[in-house]
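Have a look at the structure below before the remarks.
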Amino acid sequence: MATSPKNYRQGGRLAMDRPPIVSAQEWDAAREQLLVKEKALTRARDALAAERRRMPWLAVKTDYEFDGPEGKASLLDLFDGRRQLIVYRAFFEPGVFGWPEHACRGCSMVADQVAHVAHLNARDTSLAFVSRAPQKDIARLRARMGWEMPWYTITDGFDADFGVDEWHGTNVFFRDGERVFRTYFINNRGDEQMGNTWNYLDVTALGRQEEWEDSPRGYPRTAPYKWWNWHDNYVADAAPDPNWVEVSDAGQAQWQKQ
Amino acid sequence: MMKHMTATREEWLAARLELLETEKDLKQRSDELARRRQELPWVRVEKEYRFETDDGHGAQ
């Protein structure tokens, strides 16, 4: 169902109050002024992410079991060999609005925001969606909606233990060998920011793993931009392509001059 | 070497709830900034830009 903003038009003219129309110079000046606030907000967001990285970790001692496309899976399996794991609980099960054709509308909105996971994976981080629906329904939903992130079935008290039995939420875990820790939890309007690679990394224990970040000592860090790659071109543990290093250095020098 | 402090369930929850206040403050600042963006003046676009679409027709 498409909706158009026709309510805002009367006789072909905008019926709503709108800000003044100004010259390009005045517009630039107004934007420059607001840019100061934009940058202050970005720095406050970076500072919050630094605080998240200093949260204590909570050891996970229960062996949770999920159903996956290839059978039973443990919480460790959801890491898929990587060091960090982000788990979003999506409501898709009998009794939820939209069942069985669709997942909850809000959770579907979140699913539609999710970037290509190759970029997260390149920072040693896996993403998984989890729901109570059986795998066959999840497979059908993913095909219908074009969602490609891994999606597992909850079979036990995982949702209740991690605050997502009655409401959506994003849990973040860290793996040290076979030991798993819960490092953070985001829900309510916090979930609005989830989906893009940078915001996902900003809720993880290790952050973006870049040199400029305020992180505890010994945390992995590499130069910003250099680790970026096309989503179909990442090679595990490969050094950055020297040509890309040159191009991104030139780009960075350019915008820092501005 | 990475070292990190671990906590009991209660300590972890207390730390998270403390940080939740900062999360909410940031969200409010972000909403306020969005409101300021809406108040920005507009500038009229007077040039007629042309783009090409898949079927080759110019679109404005």
Side-chain angles (χ1 to χ4, degrees), chain A residues 14 17-31 33-42 44-49 51-61 83 161 163 174 176 179 181-190 192-193 203 205-206 215-220, chain B:
Chain A
L14 282 175
D17 290 334
R18 55 149 175 75
I21 308 293
V22 297
S23 69
Q25 289 77 11
E26 286 170 295
W27 189 87
D28 281 342
R31 195 189 76 89
Q33 254 190 351
L34 200 51
L35 186 59
V36 175
K37 290 194 183 298
E38 296 274 1
K39 289 186 176 182
L41 185 73
T42 300
R45 201 183 58 203
D46 290 342
L48 173 59
E51 283 194 64
R52 290 174 185 148
R53 291 195 285 278
R54 287 173 173 83
M55 272 280 293
W57 295 358
L58 177 65
V60 177
K61 290 176 183 158
R83 188 139 65 151
D161 289 353
F174 186 88
D176 181 7
R179 292 191 305 159
F181 301 89
R182 185 192 199 190
T183 60
Y184 208 51
F185 178 56
I186 288 275
N187 66 353
N188 293 333
R189 286 201 64 202
E192 281 175 16
Q193 298 303 319
V203 300
L206 300 181
S215 287
R217 205 162 53 86
Y219 272 41
Chain B
M1 254 301 269
M2 276 183 55
K3 283 203 176 131
H4 209 94
M5 187 173 67
T6 55
T8 64
R9 235 181 143 72
E10 292 70 31
E11 289 166 341
W12 190 88
L13 187 65
R16 192 185 83 81
L17 291 180
E18 201 183 310
L19 204 47
L20 185 59
E21 291 309 309
T22 315
E23 297 272 0
K24 287 181 178 176
D25 286 348
L26 190 79
K27 183 60 76 184
Q28 274 160 15
R29 275 182 74 173
S30 165
D31 288 344
E32 166 65 13
L33 185 61
R35 197 184 60 75
R36 298 280 299 257
R37 289 176 191 143
Q38 287 162 18
E39 287 174 355
L40 269 184
W42 297 358
V43 63
R44 189 168 171 195
V45 179
E46 293 181 283
K47 257 198 224 173
E48 289 213 356
Y49 296 96
R50 308 297 296 178
F51 299 87
E52 281 180 7
T53 60
D54 280 352
D55 56 12
H57 295 128
Q60 198 181 339

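Keep in mind that the numbers below use all heavy atoms, side chains included, and drop hydrogens, waters and symmetry copies. Note on naming: letters A, B, ... go to the chains in the order of the sequence lines (proteins, then strands), and numbering restarts at 1 for each one. Because the structure is a prediction, the values reported are computed rather than measured.
- Ranked by heavy-atom pairs under 4.5 Å with chain A, the list B:Arg16, B:Arg36, B:Lys24 is led by B:Arg16.
- Only the side chain of A:Glu192 comes within contact range of chain B, with heavy atoms under 4.5 Å apart.
- Among the candidates B:Thr22, B:Leu13, B:Leu19, B:Leu20, the residue making the largest number of heavy-atom pairs closer than 4.5 Å to chain A is B:Leu19.
- Remark: the backbone N or O of A:Pro19 is not paired with any side-chain donor or acceptor of B:Trp42 at under 3.5 angstrom.
- The heavy-atom pair separating B:Thr8 from A:Leu58 by the smallest distance is C-CD1, 3.7 Å.
- The residue among B:His4, B:Met5, B:Arg9 with the most heavy atom pairs within less than 4.5 Å of chain A is B:His4.
- B:Glu32 does not touch chain A: none of its heavy atoms, backbone or side chain, sits under 4.5 Å away.
- Of the inter-residue distances, the one linking B:Glu39 atom CD with A:Arg18 atom CZ reads 15.0 Å to the nearest 0.5 angstrom.
- Only the side chain of A:Phe181 comes within contact range of chain B, with heavy atoms under 4.5 Å apart.
- Nearest approach of A:Ala44 to B:Leu26, heavy atoms of both residues: CB-CD1, 3.6 Å.
- Proximity to chain B (any heavy atom under 4.5 Å) is shown, for A:Tyr184, by both the backbone and the side chain.
- In this structure, the portions of B:Glu23 lying under 4.5 Å from any heavy atom of chain A include both its backbone and its side chain.
- Contacts of A:Arg52 with chain B are made by both backbone and side-chain atoms, with heavy-atom separations under 4.5 Å.
- Of the listed residues B:Arg37, B:Glu11, B:Gln38, the one with more heavy-atom pairs under 4.5 angstrom with chain A than any other is B:Arg37.
- In plain terms, the two heavy atoms of B:Thr6 and A:Pro56 that are nearest each other are C-CB, 4.4 Å.
- For the set A:Arg54, A:Lys37, A:Gln193, A:Gln33, the count of heavy-atom pairs under 4.5 angstrom toward chain B peaks at A:Lys37.
- Contact of A:Ala40 with chain B is made through backbone and side chain together, with heavy-atom distances under 4.5 Å.
- Rounding to the nearest 0.5 Å gives a distance of 4.0 Å between CZ of A:Arg189 and CG of B:Asp31.
- Put simply, CG on B:Leu33 and CD on A:Glu38 are 4.0 Å apart, with the number rounded to the nearest 0.5 Å.
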